[in-house]
Engineer: 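Just passing along the structure, written as structure tokens.
Keep in mind it's a predicted model, so treat the numbers as computed, not measured.
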Amino acid sequence: MSFRKVHIAIILLAAVVFLLILHHNILGLTDILTRQSSDSAPLVFQRLEALRDAHESPPEERQGEEIAVVIPGVEERLGGLVAAINSISSNTKSNVVFYIITTNDTKGHIRSWLDGTGLKRVTYKLLAFDTRVLDGKVRVDAGAEPVKPMTFARFYLPSLLPETKKAIYLDDDVIVQDDIRDLYNTPLRPGHAAAFSDDCDSVTSKFPVRGAANQYNYIGFLDYKKERIRSLGMRANTCSFNPGVFVANLTEWRRQNVTRQLEKWMELDVAEELYSKTLSASITAPPLLIVFYQRHSNLDPLWHVRHLGSSTGKRYSPQFVKAAKLLHWNGHFKPWGRTSSYPEVWEKWFIPDPMGQFAPIRRHGEADGTK
């Protein structure tokens with residue numbers, strides 16, 4: 001009997017050891033699978049709101065379907081982001097959700113500015129853009145201005161907003177003076193993934209931009225001496241469009257795999273230098289012009305009154321600026337800079353930085369209240 005008890009004890013001890021080893025292996029396998037799942041996540045799109053970087057306004061303040069508005073949040077231009085958000089949220093009662101594309105280094109500053117001021121009423125989500133996705137896709141010419149990677153984030157909207165069917169994209173140097181719902185409701189024709197504002201519309205074409213040759217046509221953006229460009233059959237005098245404001249049908253964008261089409265032309269430009277040597281606008285425009293050639297809908301011209309940043313003069317009358325639904329200071333002269341066109345319109349919507357890191361630059365005299 002004593003031998004039998006020892007035998008049973010040995011069997012029980014072996015069973016316990018086996019179970020302990022099995023438990024350890026299962027934990028190890030789980031850890032491996034977790035790491036693999038994390039490593040296989042998209043390189044570009046980390047949803048920062050998972051790190052408690054989302055803020056929602058009370059449900060009773062939001063009405064109707066969600067209107068997704070995507071704006072880049074760049075550290076040195078956060079004043080523009082804040083003014084744009086303030087102007088949009090103040091002119092609508094719609095259920096607007098701001099998707100702010102930014103970096104991990106900037107998200108804290110954005111949260112502080114939005115949550116610590118009157119903008120705590122808005123609903124926003126922070127999205128991280130990993131610029132490594134641009135490796136090998138952006139050509140950097142000697143002597144050219146530094147490439148701003150965040151400007152390419154608009155190419156990746158469907159992946160940044162995987163559950164969204166329709167969205168508005170806005171640059172951070174805009175002010176909205178009407179209900180953003182009207183822009184969101186812009187009709188898009190079947191098969192069109194986006195709506196832009198053509199540069200030949202009756203508003204902008206009347207006011208030439210200094211130093212920008214062929215500024216309203218494809219030939220101003222693409223090198224028609226290159227066979228690859230000529231073989232596309234695109235007319236050189238076709239009206240171009242500005243990509244700083246557009247409405248996107250993300251369902252159609254995904255269906256046509258527009259993002260990959262854009263990446264293809266970026267890669268070809270790196271290899272063959274397909275963009276115009278006199279390119280005066282953003283380098284994000286050429287691939288968009290190619291992919292959306294005769295395949296985009298049009299915005300109401302008043303929903304994209306642009307070129308306010310092309311000079312310090314007042315290219316539009318005060319009456320027209322007041323009537324415009326969206327103003328865009330594209331160009332070198334930003335409304336938060338030392339000199340610009342109609343800075344007082346922008347300043348109406350600017351909210352001072354509670355952290356004191358951003359402040360508009362003004363000429364001596366304007367800063368102390370004298371003229």
Engineer: Under a 4.5 Å side-chain heavy-atom rule over Ile, Leu, Val, Met, Phe, Trp and Tyr, are Phe333 and Phe350 clustered together?
Structural biologist: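 As far as the 4.5 Å side-chain criterion goes, Phe350 and Phe333 are not connected within one cluster.
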
Engineer: Which atoms form the tightest heavy-atom contact between Leu119 and Ser89, and what is the distance?
Structural biologist: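 Taking every non-hydrogen atom into account, CD2-OG, 4.1 Å.
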
Engineer: Salt bridge between Asp179 and Lys93, side-chain N to carboxylate O under 4.0 Å?
Structural biologist: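 Result for this pair is no, no salt bridge flagged.
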
Engineer: Report yes or no: do Arg181 and Ser94 form a side-chain donor-acceptor pair below 3.5 Å?
Structural biologist: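 A pair is found: one side chain offers a donor N or O, the other an acceptor, under 3.5 Å apart.
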
Engineer: Looking just at side-chain N and O atoms, do Ser340 and Trp329 make a donor-acceptor pair shorter than 3.5 Å?
Structural biologist: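 The answer is no; no qualifying pair exists.
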
Engineer: Are Ile100 and Leu127 close enough, and set up right, to give a side chain to side chain contact (heavy atoms under 4.5 Å, CB included), and what steps lead you there?
Structural biologist: CA-CA 6 Å; Ile100 303 171; Leu127 307 176; over 6 Å; no

Engineer: May I ask you to establish whether Lys314 and Tyr342 are in a cation-pi arrangement, using a distance under 6.0 Å from NZ or CZ to the six-membered ring centre and at most 45° from the ring axis?
Structural biologist: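 Judged by the rule, Lys314 and Tyr342 form a cation-pi pair.
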
Engineer: If you count heavy atoms of other groups shown closer than 6.0 angstrom to CZ of Arg230, is the number above 12?
Structural biologist: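 Buried by this count: over 12 neighbours within 6.0 Å.
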
Engineer: Return the minimal non-hydrogen interatomic distance between Phe155 and Pro287, and the atom names on each side.
Structural biologist: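 For Phe155 versus Pro287, the nearest heavy atoms are CZ-CG, 3.8 Å.
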
Engineer: What are the two closest heavy atoms between Leu250 and Ala167, and how far apart are they?
Structural biologist: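 Nearest pair, atom of Leu250 first, then Ala167: CD1-CB, 4.1 Å.
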
Engineer: Flag the pair Leu326 / Val245 as yes when at least one side-chain heavy-atom distance between them is below 4.5 Å, and no otherwise.
Structural biologist: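 Leu326 reaches Val245 side chain to side chain.
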
Engineer: Taking the side chain as every heavy atom from C-beta outward, state whether Phe246 and Arg154 have any atom pair closer than 4.5 Å.
Structural biologist: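 Yes - at least one pair of side-chain heavy atoms lies under 4.5 Å apart.
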
Engineer: Provide the closest heavy-atom pair for Thr131 versus Pro149 in the form atom of the first, atom of the second, distance.
Structural biologist: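 For Thr131 and Pro149, the tightest heavy-atom pair comes out as CG2-CB, 3.4 Å.
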
Engineer: Where the side chain of Asp198 meets the backbone of Cys200, is there a donor-acceptor pair that is under 3.5 Å apart?
Structural biologist: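 No.
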
Engineer: What distance separates Ile219 CD1 from Lys225 NZ, expressed to the nearest 0.5 Å?
Structural biologist: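 It is 9.5 Å, given to the nearest 0.5 Å.
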
Engineer: Does one hydrophobic cluster hold both Leu262 and Val270, with members joined at side-chain heavy-atom distances below 4.5 Å?
Structural biologist: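 Result: no, two separate clusters.
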
Engineer: Check whether any side-chain heavy atom of Val345 lies under 4.5 Å from a side-chain heavy atom of Leu327, and answer yes or no.
Structural biologist: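 Yes, side chains in contact.
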
Engineer: Any chance you could lay out the side chain to side chain contact (heavy atoms under 4.5 Å, CB included) test for Met266 and Phe152, step after step, and finish with the verdict?
Structural biologist: CA-CA 10 Å; Met266 293 166 67; Phe152 294 95; 3.7 Å; yes

Engineer: With a 4.0 Å cut-off, would you call Lys166 and Glu252 a salt bridge?
Structural biologist: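 Salt bridge: no.
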
Engineer: Hey, could you give me the OG1/CG distance between Thr251 and Asn249, rounded to the nearest 0.5 Å?
Structural biologist: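 Thr251 OG1 to Asn249 CG: 5.0 Å, rounded to 0.5 Å.
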
Engineer: Between Asn86 (side chain) and Val82 (backbone), is there a donor-acceptor pair under 3.5 Å?
Structural biologist: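 No; zero donor-acceptor contacts below 3.5 Å.
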
Engineer: Within a strict 4.5 Å, meaning less than it, do heavy atoms of the Asn330 and Asn242 side chains meet?
Structural biologist: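 With C-beta onward as the side chain, the pair touches.
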
Engineer: Using modelled atom types and a 3.5 Å cut-off, is there a donor and acceptor pairing between side-chain atoms of Ser231 and backbone atoms of Glu227?
Structural biologist: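 Answer holds: yes.
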
Engineer: Show the nearest heavy-atom pair for residues Thr102 and Gly73, with the distance to one decimal.
Structural biologist: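 The answer is OG1-O, 2.9 Å.
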
Engineer: Can you find a pair of side-chain heavy atoms, one from Val97 and one from Val69, that are under 4.5 Å apart?
Structural biologist: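 Not in contact.
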
Engineer: Below 4.0 angstrom, N of the basic side chain to O of the carboxylate: do Glu272 and Arg228 qualify?
Structural biologist: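 Looking at Arg228 together with Glu272, the answer is yes, because their closest N to O distance falls below 4.0 Å.
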
Engineer: Between Asp223 and Ser276, do the side chains contain an N or O donor and an N or O acceptor separated by less than 3.5 Å?
Structural biologist: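 Distance-only check fails for Asp223 and Ser276.
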
Engineer: What's the spacing between Leu81 CG and Ile101 CD1 if we round to 0.5 Å?
Structural biologist: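 The distance works out to 11.0 Å.
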
Engineer: Once rounded to the nearest 0.5 Å, what's the spacing between atom NZ of Lys148 and atom CD of Glu76?
Structural biologist: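 Lys148 NZ to Glu76 CD: 8.0 Å, rounded to 0.5 Å.
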
Engineer: Check step by step if side chain to side chain contact (heavy atoms under 4.5 Å, CB included) holds for Thr123 and Val96.
Structural biologist: CA-CA 7 Å; Thr123 299; Val96 177; over 6 Å; no

Engineer: Could you tell me if the side chain of Tyr216 sits less than 4.5 Å from the side chain of Phe241, heavy atoms only?
Structural biologist: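 No, side chains not in contact.
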
Engineer: Against Phe196, only a single residue in Tyr169, Phe292, Trp303 fulfils ring pair (Phe, Tyr, Trp, His ring centres under 6.0 Å); can you say which?
Structural biologist: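 In the set Tyr169, Phe292, Trp303, the residue that makes a ring pair (Phe, Tyr, Trp, His ring centres under 6.0 Å) with Phe196 is Phe292.
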
Engineer: Only one of Asp172, Asp171, Asp173 passes salt bridge (Lys or Arg N to Asp or Glu O under 4.0 Å) with Lys334; say which it is.
Structural biologist: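 Per the salt bridge (Lys or Arg N to Asp or Glu O under 4.0 Å) rule, the option paired with Lys334 is Asp173, out of Asp172, Asp171, Asp173.
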
Engineer: Take Arg189 and His296 through the test side chain to side chain contact (heavy atoms under 4.5 Å, CB included) and record every step on the way to the result.
Structural biologist: CA-CA 8 Å; Arg189 296 174 58 186; His296 70 274; over 6 Å; no

Engineer: What distance do Leu299 atom CG and Lys325 atom NZ have between them, rounded to the nearest 0.5 Å?
Structural biologist: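 So the gap between those two atoms works out to 11.5 Å.
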
Engineer: Output yes when a side-chain donor or acceptor of Lys226 lies under 3.5 Å from a complementary backbone atom of Glu273, and no otherwise.
Structural biologist: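 Answer holds: yes.
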
Engineer: Give the ring-plane orientation class for Trp113 versus His109, where under 30° counts as parallel, over 60° as perpendicular and anything between as tilted.
Structural biologist: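 The rings of Trp113 and His109 lie parallel, inter-plane angle below 30°.
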
Engineer: For a 4.5 angstrom cut-off between non-hydrogen side-chain atoms, does Thr312 reach Ser341?
Structural biologist: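 The answer is no, as the side chains (C-beta and beyond) never meet within the 4.5 Å cut-off.
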
Engineer: Let's go through Tyr218 and Tyr293 carefully: what are the C-alpha distance in whole Å and the side-chain angles of both, what is the deciding distance for ring-ring contact (aromatic ring centres under 6.0 Å, His included) to 0.1 Å, and is it a yes or a no?
Structural biologist: CA-CA 10 Å; Tyr218 269 47; Tyr293 177 71; 5.5 Å; yes

Engineer: We want to know whether Glu263 and Tyr156 form a side-chain donor-acceptor pair, criterion being a heavy-atom distance below 3.5 angstrom.
Structural biologist: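 There is such a pair (donor and acceptor under 3.5 Å, judged by atom type) between the side chains of Glu263 and Tyr156.
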
Engineer: I want to check something: taking the side chain as every heavy atom from C-beta on, are Ile168 and Leu183 in contact at a cut-off of under 4.5 Å?
Structural biologist: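 Heavy-atom side-chain distance check passes, below 4.5 Å.
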
Engineer: Determine whether a donor-acceptor pair (N or O, by modelled atom type, separation under 3.5 Å) exists between the side chain of Gln177 and the backbone of Ala324.
Structural biologist: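 Checking the backbone N and O of Ala324 against the side chain of Gln177, a donor-acceptor pair under 3.5 Å is found.
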
Engineer: If Ile, Leu, Val, Met, Phe, Trp and Tyr residues are connected whenever their side-chain heavy atoms lie under 4.5 Å apart, and connections chain through other members, are Leu126 and Met355 in the same group?
Structural biologist: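 As far as the 4.5 Å side-chain criterion goes, Met355 and Leu126 are not connected within one cluster.
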
Engineer: For Lys165, does the NZ atom sit with more than 12 other heavy atoms under 6.0 Å from it, leaving out its own atoms?
Structural biologist: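 12 or below, so no.
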
Engineer: Atom CG of Leu170 and atom CZ of Phe98: how far apart are they, to the nearest 0.5 Å?
Structural biologist: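 Result: 8.5 Å between the selected atoms.
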
Engineer: In terms of side-chain heavy atoms, does Ser240 have a donor or acceptor partner in Asn217 at a distance below 3.5 Å?
Structural biologist: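 Distance-only check fails for Ser240 and Asn217.
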
Engineer: Picking from His307, His304, Arg306, what satisfies side chain to side chain donor-acceptor pair (under 3.5 Å) with His328?
Structural biologist: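 Passing option: His304.
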
Engineer: Look only at the side chain of His192 and the backbone of Ser297, and say whether a donor-acceptor pair between them is shorter than 3.5 Å.
Structural biologist: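 Between the backbone of Ser297 and the side chain of His192 there is a qualifying donor-acceptor contact (under 3.5 Å).
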
Engineer: Would the distance check show the side chain of Lys107 and the main-chain N or O of Thr103 forming a donor-acceptor pair, the cut-off being under 3.5 Å?
Structural biologist: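 No; judged by distance alone, with no hydrogens or angles, the pair does not exist.
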
Engineer: Any chance the side chains of Arg121 and Ser90 put a donor and an acceptor closer than 3.5 Å?
Structural biologist: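 Ser90 and Arg121 do have a side-chain donor-acceptor pair below 3.5 Å.
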
Engineer: Which pair of heavy atoms, one from Leu161 and one from Ala68, lies closest together, and at what distance?
Structural biologist: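 Nearest heavy atoms, Leu161 then Ala68: CD2-CB, 4.1 Å.
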
Engineer: Using a strict threshold of under 4.0 Å (side-chain N to carboxylate O), is an ion pair present between Asp115 and Lys120?
Structural biologist: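 Judged by the 4.0 Å cut-off on N to carboxylate O distance, Lys120 and Asp115 do not form a salt bridge.
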
Engineer: For Leu222, which of Asp269, Leu232, Ile290 qualifies under side chain to side chain contact (heavy atoms under 4.5 Å, CB included)?
Structural biologist: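 The passing option is Ile290.
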
